[in-house]
Amino acid sequence: MRRTLIAGNWKMNGDLVTNAALLQAVRSGAQGLAAELAVCVPAPYLAQAKTALEGSSVAWGAQDISVHEAGAYTGEVAGHMLKDFGCHYVIVGHSERRSMHAESSALVAKKTKQALAHGLTPIVCVGETLAEREAGSTASVVEAQLQPVFAELPDQLKHIVIAYEPVWAIGTGKTATPDMAQEVHAVIRKQLAAADSAAAGVVRILYGGSMKPDNAADLLTMPDIDGGLIGGAALKAADFLAIAHANQK
Ligand code: 13P
């Protein structure tokens, strides 16, 4: 019912030469996989991703979207531009943007709405810091992050993807254990069910944070973990594909 999604978040990495090899390897390695594969590349490389992946089973997307349609917003990239380059997905509210660019949950909700308005599937990221986890507030933190999205889009929630990315696990090599991640995923699904019970059954909730080939199978087997949002390991085709192969659903 929920097809596993393994999405790479390249963050600000890559260049034309290394991307070409990575995209080609992902494209050929994706054949016959049960999981869906996607790569979210830096905006300047969307054209390259489009050319390299068109006609394959691999989707591509961006890492951010402007809340504005067009106009005097220097440096921003509009939804219709992402659509022009064939994006299927766009990441919104990644913790790096929340912390380094002061993105509020209200802004993230507006970006989510903008993505859907342009026919893009938003991957809405939520997650707690280590201090918040230690204070026992993980559930309330992710709920506060999701609530504006639920309020902004009551009828469209079934079209989103959610990524649970505990901030303390991102790029640190510290992964949430499968049980820890499952517990939060189940909480998120319950919160989603309270907003839209039909959406809760179909929305994919990805885990992100140091997911690697050696821990992917245990995470992906959990009932409420519907895939992964992969940072570092998405930059090596062999690792990215191994994660996808670890999926047994
Ligand atoms: P890492 O897989 O490098 O920990 O990054 C996770 C992430 O932030 C994906 O969006």
Side-chain angles (χ1 to χ4, degrees), residues 4-14 18 22 26 35-43 45-46 49 58-65 82 87-101 103 105 108 111-112 115 120-130 132-133 138 141-142 145-146 149 160-178 180-181 184-185 188 204-220 222 225-247:
T4 301
L5 171 61
I6 304 296
N9 173 9
W10 287 10
K11 308 192 180 185
M12 198 175 74
N13 291 294
T18 53
L22 179 53
V26 170
E36 179 187 353
L37 281 191
V39 290
C40 293
V41 306
Y45 300 123
L46 285 171
V58 184
W60 61 95
Q63 300 171 11
D64 189 27
I65 181 173
L82 302 183
C87 287
H88 184 85
Y89 292 102
V90 59
I91 296 169
V92 295
H94 190 278
S95 66
E96 286 149 17
R97 296 210 59 86
R98 290 180 190 262
S99 66
M100 295 179 218
H101 300 271
E103 290 196 4
S105 297
V108 172
K111 289 188 171 191
T112 305
L120 300 156
T121 298
I123 301 175
V124 183
C125 300
V126 298
E128 82 288 2
T129 63
L130 187 56
E132 288 164 341
R133 170 161 283 268
T138 300
V141 167
V142 296
Q145 290 170 331
L146 286 169
V149 175
I160 72 172
V161 171
I162 295 172
Y164 168 58
E165 299 207 311
V167 176
W168 49 271
I170 295 175
T172 58
K174 288 185 199 146
T175 324
T177 64
M180 280 161 83
V184 184
H185 281 235
I188 291 171
R204 291 176 291 183
I205 306 176
L206 314 182
Y207 170 79
S210 300
M211 195 188 264
K212 308 271 185 245
D214 62 358
N215 59 28
D218 290 342
L219 286 159
L220 293 171
M222 301 310 276
I225 299 183
D226 307 314
L229 186 55
I230 321 297
L235 300 173
K236 288 191 197 133
D239 286 356
F240 188 56
L241 292 166
I243 291 171
H245 278 286
N247 166 57

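Note that the numbering runs from 1 along the sequence shown for the chain. Order of appearance sets the numbers: ligands from 1, and atoms from 1 within every ligand. Remember, it's a predicted structure, so these values are computed and weren't measured experimentally.
Counting heavy atoms closer than 4.0 Å to ligand 1, residue A234 contributes nothing at all. Residue contacts with ligand 1 for I170 involve both N, CA, C or O and side-chain atoms from C-beta outward (heavy atoms, distance under 4.0 Å).
Contact atoms of ligand 1 toward A169: 4 (O) (distance under 4.0 Å to a heavy atom of the residue). Set against the non-hydrogen atoms of E165, the atoms of ligand 1 under 4.0 Å away are 6 (C), 7 (C), 8 (O), 9 (C), 10 (O). The atoms of ligand 1 that sit less than 4.0 Å from any heavy atom of G171 are 1 (P), 3 (O), 4 (O). Ligand 1 places these atoms under 4.0 Å from at least one heavy atom of S210: 1 (P), 2 (O), 4 (O).
Looking only at heavy atoms of the protein, atom 2 (O) of ligand 1 is closest to G231 N, 2.9 Å.
A donor-acceptor pair shorter than 3.5 Å cannot be found between the side chains of Q63 and H94.
In this structure a side-chain-to-backbone donor-acceptor pair under 3.5 Å is present from Q145 to G127. Between the side chain of T18 and the backbone N or O of G14 there is no donor-acceptor pair closer than 3.5 Å. No donor-acceptor pair closer than 3.5 Å links the side chain of T129 to the backbone N or O of V167. Side-chain N or O atoms of Y89 include none that pairs as donor or acceptor with a backbone N or O of V161 at under 3.5 Å. The closest donor-acceptor contact from the side chain of D218 to the backbone of N215 lies at 3.5 Å or more, if one exists at all.
Considering both main-chain and side-chain atoms, G232 comes within under 3.5 Å of ligand 1 through a nitrogen or oxygen pair. For a threshold of 3.5 Å applied to N or O pairs, the pair formed by H94 and ligand 1 contains at least one separation below that value. Not a single N or O atom of K212, backbone or side chain, sits closer than 3.5 Å to an N or O atom of ligand 1. For ligand 1, none of its N or O atoms has an N or O atom of E96 under 3.5 Å away.
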I170/E96 under side-chain contact (heavy atoms from CB on, under 4.5 Å): CA gap, chis, key distance, verdict: CA-CA 9 Å; I170 295 175; E96 286 149 17; 3.6 Å; yes
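Salt bridge status for R204 with E36: present, with a side-chain N to carboxylate O gap under 4.0 Å.
Between G209 and ligand 1 there is a heavy-atom distance shorter than 4.0 Å. Taking a 4.0 Å cut-off on heavy atoms, C125 fails to register as neighbouring ligand 1. At least one heavy atom of K11 sits less than 4.0 Å from an atom of ligand 1.
Note that CG of N9 is 9.0 Å distant from CG of L235, once rounded to the nearest 0.5 Å.
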